[in-house]
Structures are given as C-alpha cells and as structure tokens.
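Here the structure is a predicted model, which is why all the values come from computation and not from measurement.
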Amino acid sequence: MRLKDPFSLKAADMTKRTNKPRKPRDEESSDEVSGLTCQHVSKAVDLSSVKKAVTSSMWSMCSDCLRERTMIDGEPASGHDILVCLKCGFQGCSQSESQHSTKHHQTLHPDSHCITISLGTWKAWCFECNEELSTHCNKKALAQTLDFLQKHSVKAASGTTSKMIKLREEPSDYADQPRGKSPVNNSTLVPVKGINNLGNTCFFNAVMQNLSQTHMLNDLIQDVKEKGYKLKICPPAESNVVLTLPSPEPLTSAMFLFLHSMKESGKGPVNPKILFNQLCQKAPRFKGYQQQDSQELLHYLLDSMRVEETKRIKAGILKSFNNPTEKTADDETKRQVKAYGKEGVKMNFVDRIFVGELTNTIMCEECEHISTVKEAFIDISLPIIEERVSISLYLLVLPNYDNCVLFAPLHTEKKSDKVYTSARKQMLISSLPPVVTLHLKRFHQAGMNLRKVNRHVNFPLILDLAPFCSASCKNLVAGERVLYSLYGIVEHSGSMRGGHYTAYVKVRSPQRRTEQPQRRNLAGPREASSAAQGQWVYVSDTNVQTVPESRVLNSQAYLLFYEEML
C-alpha cells in the first residue's frame with residue numbers, strides 16, 4: 001500500500017474528524033484541531049526517549065541528511081520539512097527525493113515508529129492510519145510530547161534570535177561584492193524573532209513578520225508615537241501650518257509597542273496578545289481564534305490604524321483653529337478647516353507607506369465612450385491563471401493609451417433585440433507608494449464551493465513597475481524604470497479546510513531617505529540586484545531559521561511585499 005504524503009492531503013482526506021467540540025488554545029498551540037483517535041498512540045509515543053534524543057541532537061535538521069551530507073538547495077533539510085518520530089525522537093525530512101521520515105517508519109523496528117509531528121505545522125500524523133491525528137482527542141502522552149517539542153522550539157528560536165542581530169549580510173547569488181565596499185553596519189539590521197501563536201493566529205503572525213521588516217513603518221511610527229508630535233501641512237493656496245497632535249489611539253500605540261519588542265535584543269519570542277486584542281476591538285470578525293485570511297487581516301489592520309491617525313490629525317487641525325464648532329465658525333474658518341483636513345488626512349503614516357492610486361479606464365467598444373475612475377489601493381490583487389480558465393489577463397500595448405497595461409475583456413453585456421455591447425477595462429497605476437503589496441488570489445469561488453489554487457507562481461526579486469504606470473504617474477519621468485525589491489512573503493500551505501501561514505523576510509540594511517524627491521533607480525540589472533543584498537529568514541510562528549534564496553523563490557506565495565529602490 002502506498003503511503004500518503006502528510007504534506008499533500010487532499011480535501012477528501014481532511015474530512016475524517018472527530019465530533020468533539022474545539023477547546024480553547026494556549027499561546028503555543030497549533031493552527032487546527034482535527035484528526036482522529038488513534039489506536040497506535042499508546043505504543044508509538046515515548047516522551048522520555050523523545051526528550052533525550054531531541055536535546056542531544058541538532059534541532060530541526062534531518063538526521064540522515066546530516067549523516068549522508070545530503071543538501072537541499074545548498075543546505076541540509078530543515079524547518080517545515082522535518083517530522084519528529086514520537087517513539088525515538090528521530091528527525092527526518094519529508095522531501096520527495098529523500099523521504100527519510102518515511103524510510104525511518106518503514107525500517108524494521110522491534111516496536112512501532114509510526115507517529116510523527118511536523119515542526120512546521122505542529123500537526124501529528126500516523127503512517128499506519130494514514131491520517132492526521134488530534135492531539136486533544138488522543139492519549140495524554142501525545143499532547144504532552146507536542147507541548148515539549150513546542151517549548152523546545154521556543155528555546156531554539158530564542159537562540160536563533162540572539163544570533164540574528166549579529167547577522168552578516170552576504171552578496172546575492174548572482175552579484176559580486178563591489179571592490180572596496182565596506183561591510184554592512186549590522187547595528188541597523190532589524191532582528192527576526194518568533195511570535196507566539198495565540199490559537200489559529202498564524203495568519204496574523206505571518207503578516208506581522210513582514211510589517212516588522214518594513215523599515216519605513218518602523219521609522220515613521222517611531223516619529224508619531226508621542227503626544228505633541230509636530231506635523232507640517234502645506235495645502236495648495238493656503239499658508240503652511242504646523243499641528244501639535246494628541247496622543248496616538250490604542251491600536252497605533254499597540255503597534256508601536258509590538259514593533260519595539262520585535263527589535264529588542266536578547267529575548268525570546270514576542271507575545272502579540274495586546275496588539276491582537278486591540279485589532280479585535282476594531283474588527284470583531286477576528287475574535288474566536290478561528291482560521292482567517294492574511295490579506296483581510298492586513299487590510300483591517302492598516303485601515304484601522306489609518307482611521308485612528310486621520311482622527312488624530314483632524315483633532316490637531318481643529319485645535320489649531322481653537323476648536324471651532326458649526327455654530328461658532330464663520331465661513332472662512334470652515335473653508336480653511338476643510339482645506340487643511342483634505343491635505344492633512346494624506347499625511348498619516350499608513351498612506352505615506354502603503355497607499356497608492358489606480359486609474360480605471362473603461363471604453364465602450366461600440367460608441368468608444370471613455371470613463372475614468374480613480375481609487376486608492378493598499379494592495380494589488382492578481383488572479384492566478386489556470387489553463388482551464390477561458391478569460392485571463394493579457395499584456396498589451398493599446399493605441400491611444402498611455403503605456404503597456406494589464407488588460408482584460410469585460411463581459412458588464414446587455415441583451416436587447418439581439419444586440420450585445422461590451423467594454424474594455426484598463427487599469428494603470430497613477431500613484432506609487434514606497435511599499436507595494438501584491439496579493440495572489442489563491443482562494444476563489446467555484447460554483448457553490450470555495451477552492452484554493454495551489455500551483456506555483458514565479459515572482460521576481462526585482463520588479464519594474466514602469467510598464468504598468470500611467471504617463472501621468474506622479475514623480476515618474478518618461479523612460480525611467482521604477483524598481484522595487486522583494487523583502488517579504490506570506491506563504492499559505494495546505495487547503496481550504498486546514499492550512500498554515502508562514503513568512504519569509506529579508507534581513508537587510510535600511511535605505512537612506514531624504515526630504516528631497518529622489519530620481520528612481522536607473523541602474524542596470526547587475527547593479528540593481530546588488531542593491532538588494534541581505535539574508536532571507538523563514539519564520540513559522542516561533543520557529544526561525546535562515547534559508548537560501550532559492551527556497552524563497554520556490555515558496556507558495558500568497559502576499560508579496562516590495563519596497564521602492566532609491
């Protein structure tokens with residue numbers, strides 16, 4: 001009988017679950033309560049042997065790969081590829097080429113070695129039952145062993161974190177270190193720390209890892225965190241005004257404290273409970289510790305802080321005019337408050353970092369009437385093309401249009417006396433933010449069902465957005481390239497029924513920004529790639545480890561974070 005791969009469960013395989021109610025999860029719990037009661041647990045789980053083996057061997061590394069010196073992408077198999085045997089503590093990879101965890105189970109033993117736990121998803125698997133197991137619906141020894149492994153992972157992650165601060169940046173795979181270039185000042189690097197899982201909160205943790213490595217966010221939130229922060233507003237046709245802002249609102253304050261704790265050295269994983277609870281106050285949909293969507297989380301988080309900061313700026317504007325009311329303010333004061341408010345709301349740190357503008361142009365193919373609508377965006381959603389999909393996106397150059405565009409035919413069709421009308425829609429970026437987030441739409445509705453697209457999508461380390469910008473795009477000169485460098489990924493593994501979010505982040509030196517507008521990067525491919533040096537790090541809740549660039553490029557990306565190259 002062919003054994004199932006525990007990392008490629010089909011939807012049908014995930015439906016055999018117990019009917020027992022879910023239990024509250026602790027901070028180090030896994031991301032799904034599922035599976036069945038297994039008769040092999042009593043003979044295949046030995047906590048004392050696991051403790052002895054794990055504490056005396058290299059953590060999160062395949063024992064056989066190390067012994068055979070087998071390398072995967074230039075490194076021994078590690079991280080979310082590792083399964084721990086709960087009988088003897090053997091750590092084996094699940095790579096299709098080696099399958100050392102499967103071979104270990106198939107090896108003749110005097111007793112059963114059929115139950116394992118994944119160090120990436122913390123899910124238990126029985127090779128004999130060919131099923132995922134519930135740690136809450138089986139014997140106590142299984143839950144105790146899981147608890148030990150998670151606590152040991154926290155200690156290992158803490159040790160990794162202290163090393164991250166001293167991480168030395170090395171040249172990328174395809175660029176040489178320029179002669180005479182001095183080593184990077186590592187004191188400016190933001191360390192990577194694990195984040196405790198509060199119970200199904202991996203979707204939150206993966207996003208927060210990427211935000212903690214967003215340098216501009218760390219800088220701006222540091223500036224605006226205090227009461228009395230000075231903000232200069234310069235609306236057109238009005239005199240400049242310097243506002244004194246009140247204290248930040250609760251969510252923004254919690255975000256600052258969280259980012260500060262992520263940068264502190266010498267401590268273990270960060271507990272995100274305060275920040276997560278503040279977000280749940282703004283967006284109750286995230287209460288209850290259910291599985292959620294990372295992209296929705298990012299939207300709610302950034303938009304909620306945006307609302308808080310807008311309220312704070314408006315309060316500063318009213319204070320500068322001695323807090324006028326509708327009854328006490330004259331027409332001129334109302335006009336000025338409105339003008340300063342329109343300009344001031346754009347000055348919040350969320351808009352300054354993440355918010356751009358899209359221009360949607362719709363042209364009727366019959367009458368050639370053109371309508372244009374502008375809208376702000378926090379991220380850009382891109383569908384994943386499948387072969388059986390009949391309508392997809394095309395890269396075209398259209399006559400009488402500004403530039404190359406992402407273009408798709410619309411079917412907004414009206415039937416009247418057998419006459420059909422159709423329109424074409426063109427989407428161009430008319431204003432670029434410093435950070436561009438791309439959302440790959442892996443989850444979509446197919447009839448009455450929701451499904452996930454698991455196919456791999458290639459994505460570049462350096463992205464040129466110039467072909468997708470309008471000719472009138474702010475700060476863009478004709479012929480320029482608009483280069484963005486990848487620094488973070490949110491990855492989703494698994495299915496709609498049960499999955500796990502992880503992050504890849506790039507530890508790198510911050511770019512130097514000035515108050516003067518910068519010319520965008522016009523360097524050739526070699527120079528552009530060398531400008532984005534750093535070390536990639538994989539993070540699964542509290543599990544933190546460095547990885548090669550090739551593994552990053554093979555990830556099942558869901559969200560991609562790019563920063564403008566100055």
| Do other residues, nucleotides or ligands put more than 12 heavy atoms under 6.0 Å from Lys314 NZ? | no
| Would His215 and Tyr487 satisfy side-chain contact (heavy atoms from CB on, under 4.5 Å), going step by step from the backbone distance to the final call? | CA-CA 10 Å; His215 295 153; Tyr487 73 91; over 6 Å; no
| query | Parallel, tilted or perpendicular for His456 and Phe459, by the 30°/60° rule? | reply | tilted
| task | Using a 4.5 Å cut-off on heavy atoms from C-beta on, say whether the side chain of His500 contacts that of Ser540. | result | yes
| Exceeds 12 heavy-atom contacts within 6.0 angstrom, atom NZ of Lys334 | yes
| field | Nearest-0.5 Å distance, CE of residue Met565 to CG of residue Asp464 | value | 10.5 Å
| task | Using a cut-off of 6.0 Å, state whether more than 12 heavy atoms not belonging to Phe377 lie near its atom CZ. | result | yes
| said: Has Asn205 got a side-chain atom pairing as donor or acceptor with Asp541's backbone, closer than 3.5 angstrom? | reply: no
| query | Is the backbone of Arg551 close enough, under 3.5 Å, to the side chain of Asn554 for a donor and an acceptor to pair up by distance? | reply | no
| Residue pair Phe286 / Leu301, side-chain heavy-atom distance below 4.5 Å | no
| query | Ser555 and Glu491: side-chain hydrogen bond (donor to acceptor under 3.5 Å, both in side chains), yes or no, with the steps? | reply | CA-CA 7 Å; Ser555 65; Glu491 179 184 47; 4.6 Å; no
| said: Tell me if a side-chain donor or acceptor on Glu249 pairs with a main-chain N or O of Ser304 at a distance below 3.5 Å. | reply: no
| Closest non-hydrogen atom pair between Arg442 and Arg455, with its separation | NH1-O, 2.8 Å
| said: Measuring from atom OH of Tyr340 to atom CG of Asn240, what distance do you get when rounded to the nearest 0.5 angstrom? | reply: 7.5 Å
| query | Any chance the rings of Phe443 and His492 have centres within less than 6.0 Å? | reply | yes
| note | Residues Asn271 and Lys273: closest non-hydrogen pair is OD1-N, 3.0 Å
| said: Go through it in stages, so that I can follow the logic: the residues are Thr546 and Gln535, the test is side-chain hydrogen bond (donor to acceptor under 3.5 Å, both in side chains), and I'd like the CA-CA distance, side-chain angles, deciding distance and then a yes or no. | reply: CA-CA 7 Å; Thr546 59; Gln535 172 65 60; 4.5 Å; no
| So, Asn543 side chain and Gly194 main chain: donor-acceptor pair closer than 3.5 Å or not? | no
| request: Might you work through the side-chain contact (heavy atoms from CB on, under 4.5 Å) test for Ile378 and Val355, ending with a clear yes or no? | output: CA-CA 5 Å; Ile378 287 179; Val355 178; 4.1 Å; yes
| task | Answer with yes or no whether the side chains of Thr244 and Lys230 bring together a donor and an acceptor at under 3.5 Å. | result | yes
| request: Return yes if some donor-acceptor pair links the side-chain N/O of Gln209 with the main-chain N/O of Val539 below 3.5 Å, else return no. | output: no
| message | So Cys234 and Glu343, do their side chains get closer than 4.5 Å, heavy atoms only? | response | no
| request: Quick one: pull up CG in Leu297 and OH in Tyr501 and give me the separation to the nearest 0.5 Å. | output: 9.0 Å
| Got a second to check how far Leu275's CG is from Met208's CE, nearest 0.5 Å? | 5.0 Å
| query | Which atom names give the shortest non-hydrogen contact between Leu358 and Ser430, and what distance separates them? | reply | C-OG, 3.9 Å
| said: Any heavy-atom pair between the side chains of Ile380 and Phe468 that's under 4.5 Å? | reply: no
| Of the non-hydrogen atoms in Pro191 and Met262, which two are nearest, and what is the gap between them? | CG-O, 3.6 Å
| message | I'd like to know whether Lys452 forms a side-chain hydrogen bond (donor to acceptor under 3.5 Å, both in side chains) with Gln556, so could you lay out the CA-CA distance, the side-chain angles of the two residues, the decisive distance to 0.1 Å, and finally the verdict. | response | CA-CA 12 Å; Lys452 180 191 174 188; Gln556 197 173 92; 2.7 Å; yes
| Is there a side-chain contact between Lys425 and Asn360, using heavy atoms and a 4.5 Å cut-off? | yes
| task | For residues Glu309 and Val350, determine if any side-chain heavy atom of one lies less than 4.5 Å from a side-chain heavy atom of the other. | result | no
| More than 12 foreign heavy atoms under 6.0 Å from CG of Leu463: is that the case here? | yes
| request: Find the distance between NZ (Lys374) and CG (Leu428) and round it off to the nearest 0.5 Å. | output: 9.5 Å
| query | So, do Phe354 and Leu211 sit near enough that their side-chain heavy atoms are less than 4.5 Å apart? | reply | yes
| said: How close do Gln290 and Phe203 get, counting heavy atoms only, and between which atoms? | reply: O-CE2, 4.1 Å
| remark: The reported gap from CG in Leu217 to OG in Ser212 (rounded to nearest 0.5 angstrom) is 9.0 Å
| request: Identify whether the distance between the nearest side-chain nitrogen and carboxylate oxygen of Arg335 and Glu332 falls below 4.0 Å. | output: yes
| said: I want to check something: taking the side chain as every heavy atom from C-beta on, are Glu264 and Lys193 in contact at a cut-off of under 4.5 Å? | reply: yes
| said: Counting only heavy atoms not in Asp331 (residues, nucleotides, ligands), do more than 12 fall under 6.0 Å from its CG? | reply: no
| request: Walk me through it: do Val482 and Ile429 pass the test side-chain contact (heavy atoms from CB on, under 4.5 Å)? | output: CA-CA 12 Å; Val482 186; Ile429 302 172; over 6 Å; no
| For His439 and Tyr558, which heavy atoms make the closest approach, and how far apart are they? | NE2-OH, 3.3 Å
| Audit row: Met216, Gln511, side-chain contact (heavy atoms from CB on, under 4.5 Å) steps and yes/no | CA-CA 9 Å; Met216 192 174 178; Gln511 299 186 82; over 6 Å; no
| Between Glu563 and Lys506, does at least one N-O distance fall below 4.0 Å, as a salt bridge requires? | no
